[in-house]
Amino acid sequence: MDKEQIIQMARDAGINVSQGYLLRFAGVEDDLERFAAAIRAATKEEDAKICEDKENGWSDMVCAQAIRDSK
């Protein structure tokens, strides 16, 4: 993930971000939980794709599925 993708995930979660600052402080718990869940999902998928990458000389589909199924 790059910086722009992370910022977009924050916006999608409902966090009002402008010029790198959180503009609302009260009541952001739900927004932050949605943002954290989006980051976790994106990170898990990136990790799973590493396991599936045949170009690195190996592929482990069991590893990839275990990562996707983890909580």
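The figures here come from the full heavy-atom set of this structure, side chains too, leaving out hydrogens, waters and symmetry mates.
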What is the minimum heavy-atom distance between Ala48 and Ala64, and which atoms define it?
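So the two residues come closest at O-CB, 3.5 Å.
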To check you understand the geometry: which heavy-atom pair defines the closest contact between Cys51 and Ile67, and what is its length?
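Answer, listing the atom of Cys51 first, then Ile67: SG-CD1, 3.7 Å.
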Taking side chain to side chain contact (heavy atoms under 4.5 Å, CB included) as the definition, give me every residue that meets it alongside Asp2, ordered by chain and number, with sequence neighbours left out.
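Once residues adjacent in sequence are excluded, the partners of Asp2 under the side chain to side chain contact (heavy atoms under 4.5 Å, CB included) criterion are Glu4, Gln5.
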Tell me, please, which residues at least two apart from Ala42 pass side chain to side chain contact (heavy atoms under 4.5 Å, CB included).
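Partners of Ala42 by the side chain to side chain contact (heavy atoms under 4.5 Å, CB included) criterion, ordered by chain and then number, come out as Met1, Met9.
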Is the closest side-chain heavy-atom distance between Asp12 and Phe35 below 4.5 Å?
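No, too far: nothing below the 4.5 Å cut-off.
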Quick one: CG on Leu32 to CD1 on Ile39, what's the gap to the nearest 0.5 Å?
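If we round to the nearest 0.5 Å, Leu32:CG and Ile39:CD1 are 11.5 Å apart.
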For residues 41-50, which residue pairs pass the salt bridge (Lys or Arg N to Asp or Glu O under 4.0 Å) check, not counting sequence neighbours?
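Of all non-adjacent pairs touching residues 41-50, those that pass salt bridge (Lys or Arg N to Asp or Glu O under 4.0 Å) are Glu45-Arg68.
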